[in-house]
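Starting from 1, each residue takes its place in the sequence as its number. Whatever order the structure lists them in is the order used to number ligands and atoms, beginning at 1.
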Amino acid sequence: MDNTIKKIGVLTSGGDAPGMNAAIRAVVRAGFYYNLEVYGIYRGYEGMINNDIRKMDSKSIAHVLERGGTFLKSARSEEFRTAEGRKKAYENIKAIGIDALVVIGGDGSLTGAHLFYKEFGIPAVGLPGTIDNDLFGTDLTIGFDTACNTAIQAIDKIRDTATSHDRLFFIEVMGRDAGFIAINAGIGSAAAAILIPEKKMPVEMLLERLKSREKAKKESNIVIVAEGGKSGGAAEIAEKVRKILPSYDIKVTILGHLQRGGAPSAFDRTLASKLGVSAVEGLLHGKYDVMVGVINNKIVFTPIKRAIVDDKKVDEEELRIANILST
Ligand code: ATP
């Protein structure tokens with residue numbers, strides 16, 4: 001145990017994800033369990049720079065586990081990208097006496113924590129908090145499961161109208177440069193095709209798929225498109241298909257920020273809780289500059305440098321399964 005750590009700060013940064021509150025709660029509770037003072041830093045790195053930092057007590061975390069979003073709020077801080085901004089942040093947390101940080105966010109937020117550790121020696125443990133599931137060093141990120149569930153619920157509703165009118169829907173899901181939500185939501189909603197950034201699907205192939213489904217007398221067609229996909233967004237692809245198949249009644253729906261909101265699923269609450277406690281224990285055992293994740297159901301600490309640089313690949317097996325199911 002590292003007895004030099006007495007006060008820790010916790011923050012959420014970057015895009016919000018359901019389960020962030022559960023993660024904060026776990027960090028605060030674990031901190032109290034190990035007799036630490038815990039400080040909530042509001043609006044991510046912005047709050048470190050603006051000194052928006054408050055001491056947490058058990059009331060601060062009452063009834064947050066089940067709530068979506070993040071009660072500490074999140075932000076993207078341009079100032080923290082500058083050396084002067086980070087120095088201001090350091091001076092503020094030093095004045096309070098914060099010895100270590102738990103940073104909950106995506107790869108950008110973890111990059112900030114890594115730099116801060118290198119420059120000022122403030123130990124940090126990162127938690128993968130992003131709906132995109134695009135972080136190396138963990139099988140799943142906090143918020144991904146809830147986002148997939150939300151997407152599937154929305155797609156189910158769209159399918160009702162697609163079936164009633166023999167329509168072809170292109171539904172765009174989130175996943176900046178990563179097809180994880182698209183693949184999972186696509187498999188879980190019986191999509192006719194799934195278009196992801198990692199793999200380009202030529203329009204001809206998509207047309208062939210649609211025609212073979214027409215022959216098979218499928219009642220509705222839902223194509224899932226990940227935003228930022230190599231073949232373009234849902235609207236772009238729909239336009240291309242409309243030109244070639246003018247007889248199809250084509251509609252586009254962009255699920256957008258809907259996918260970020262809502263109460264975290266049971267899975268995300270549990271994952272966030274496990275990771276939050278492990279982050280505090282990691283800090284107390286001298287595990288600095290690492291991200292805590294779960295691989296094969298075991299807690300694993302990965303150097304932040306690796307987590308942000310190494311690519312997490314989409315599962316080829318899942319893609320193969322999706323193909324079998326959609327033809
Ligand atoms: P999401 O995956 O949801 O977008 P993220 O954590 O990747 O989350 P970013 O906007 O990339 O989101 O990063 C969040 C914040 O982390 C930035 O606004 C900035 O304050 C800090 N950050 C990101 N990259 C750096 C960097 N290279 N140097 C310093 N700080 C950074």
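Under the side-chain hydrogen bond (donor to acceptor under 3.5 Å, both in side chains) test applied with Tyr248, the options Glu214, Arg167, Arg242 reduce to a single match, Glu214.
Using a 4.5 Å heavy-atom cutoff, the side chains of Ile41 and Val10 are not in contact.
Within 6.0 Å of the NZ atom in Lys305, the count of heavy atoms belonging to other residues, nucleotides or ligands does not exceed 12. The number of heavy atoms from other shown groups lying within 6.0 Å of CZ (Arg260) is above 12. By the neighbour-count criterion of 12 heavy atoms within 6.0 Å, atom NZ of Lys87 is sparsely surrounded, having that number or fewer from other residues, nucleotides or ligands.
Outside the 6.0 Å centre-distance limit, the rings of Tyr45 and Phe116 are not counted as a close aromatic pair.
The immediate protein surroundings of ligand 1, defined as residues with any heavy atom under 4.0 Å of it, consist of Ser13, Gly14, Gly15, Tyr45, Arg76, Ser77, Phe80, Arg81, Arg86, Gly106, Asp107, Gly108, Ser109, Thr111, Gly112, Leu115, Thr130, Arg176.
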